[in-house]
S.K.: 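This is the structure I have questions about; it appears just below.
The analysis underlying the following values was restricted to heavy atoms, covering all of them including side chains, and did not include hydrogens, waters or symmetry mates. Just follow the structure's listing: the first ligand is 1, and inside any ligand the first atom is 1.
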Amino acid sequence: MVLLHTFMALDCAAFESMMVAEDPLLTLVSKANGKAIPLAAGFVGQAAAREATGLVVDTIRQKKLADRALLLAGPPGTGKTALALGISQELGSKDI
Ligand SMILES: Nc1ncnc2c1ncn2[C@@H]1O[C@H](COP(=O)(O)OP(=O)(O)OP(=O)(O)O)[C@@H](O)[C@H]1O
């Protein structure tokens, strides 16, 4: 099993202006360049974590991450569950 650690440092500046999403995360990164969109679907900051998550989604789509586990590690309330929901929505039920 391979564990990918995404360390999510609390981005205080982003949290000061945070808008909590009513719906789960819909957009992880820009489809054009793989960079995190500063504010997307109510998700703010955590650019490195979102970009890493986007790479994971691409790797899963390429069928290179089968039978592996992804570990999201970070302080409470920093968006681990939101990113997991985003991955789920990006991939849809066929790829999970
Ligand atoms: N960067 C962010 N931008 C906007 N909302 C965020 C962000 N990070 C977390 N949230 C919101 O904060 C709340 C808690 O986030 P979430 O449950 O994903 O955190 P978690 O890391 O899984 O927490 P825990 O470790 O306690 O389970 C959710 O409503 C989520 O949408």
S.K.: Considering L72, T78, T81 one by one, which has a heavy atom nearer to atom 22 (O) of ligand 1 than any of the others?
M.R.: T81
S.K.: For G77 and ligand 1, answer yes if some heavy atom of the residue is under 4.0 Å from a ligand atom, otherwise no.
M.R.: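 Distance cut 4.0 Å: G77 passes for ligand 1.
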S.K.: Can an N or O of A82 be found at a distance shorter than 3.5 Å from an N or O of ligand 1?
M.R.: yes
S.K.: Looking at K80 and P75, would you say the former's side chain and the latter's main chain have a donor-acceptor pair under 3.5 Å?
M.R.: yes
S.K.: In chain order, what residues pass the side-chain contact (heavy atoms from CB on, under 4.5 Å) check against T59, with sequence neighbours excluded?
M.R.: K64, L65
S.K.: Working to the nearest 0.5 angstrom, can you tell me the gap between L83 CG and T78 OG1?
M.R.: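 Rounded to the nearest 0.5 Å, the CG-OG1 separation comes out at 8.5 Å.
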S.K.: Roughly how far, to the nearest 0.5 Å, is CG of L55 from CZ of R50?
M.R.: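 The distance works out to 13.5 Å.
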